[in-house]
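Structure first, commentary second.
Counting starts at 1 for both ligands and their atoms, in listed order. Computed from a prediction, not measured in an experiment: that's the story for all the values here.
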Amino acid sequence: MTEPLALGVLVSGSGSNLQAILDAIADQRLHAECKVVISNRPGVQALSRAQLAHVPTQVIDHKGFANREEFDGQLVRSLRAHGVEWVALAGFMRVLTPVFLDAFADHVVNIHPSLLPAFPGVDAQAQAFSYGVQVTGCTVHFVDVGVDSGPIILQKTVPVLAADTKESLGHRILEQEHLAFVQALELIARGQVKRQHGSRRVQVTEPGKG
Ligand code: GRF
């Protein structure tokens, strides 16, 4: 049996994706240990969720730093101090610089509420709804210096129904996010996700064929 994935989770808000990760760890559906949850905003629900699960928390308010690089440097030091090897961005609303991405090279994953490369950036669910697409979904991807532009690990589709509102669509996407994020992290924990050198393509192997 391999070591559990030494995970750090960065959050900015309600933390329902964080909750899905913590529940999956508790239920042994995800072979990981959440070492720390760090929020750039004080008082958010994600912090309470982590505390309830007895996971260490920290607030690192980006407003206290002169620039993005200094903020990222502090994030790196804190994550390292907690023994983190993989970082999950779970509704973390800051763009990371190379200071962070070089420190955790190829070990940072994000969940985004659309089928990338469609609708990157904020309000992806509303963007998809307003555009009139008939299928949308969510994407778990490696993080690079762009906005929601890194190599794709896993996607789940969600149909847009005639009766949908932006809110009902967003709710159904969020349900799929929770499944997709846990599934992708479990694939990583089992060593079944491989980057291909010089290619955007991510190879996901089946259990036992890794
Ligand atoms: C999710 O829709 C996620 O895809 C996006 O931000 C939202 C965070 O929701 N990046 P939560 O904080 O996990 O509930």
Under 4.0 Å from ligand 1, counting heavy atoms only: the protein residues, by chain and number: S14, G15, S16, N17, G91, I111, H112, P113, Q125, E177
Got a donor-acceptor contact below 3.5 angstrom from the H178 side chain to the Q176 backbone? no
Closest heavy-atom pair and its distance - I173, C138: CG2-CB, 4.2 Å
Salt bridge (charged side-chain N to carboxylate O under 4.0 Å, His left out) assessment of R172 paired with D164: CA-CA 10 Å; R172 291 208 319 289; D164 261 332; 2.8 Å; yes
I need the full list of side-chain hydrogen bond (donor to acceptor under 3.5 Å, both in side chains) pairs touching residues 121-140, with sequence neighbours left out, sorted by first then second residue. T139-Q155
Using 30° and 60° as the class limits, which term best fits the ring planes of F142 and W86: parallel, tilted or perpendicular? tilted
State whether the side chain of Q196 and the backbone N or O of V202 hold a donor-acceptor pair below 3.5 Å, judged by distance alone. no
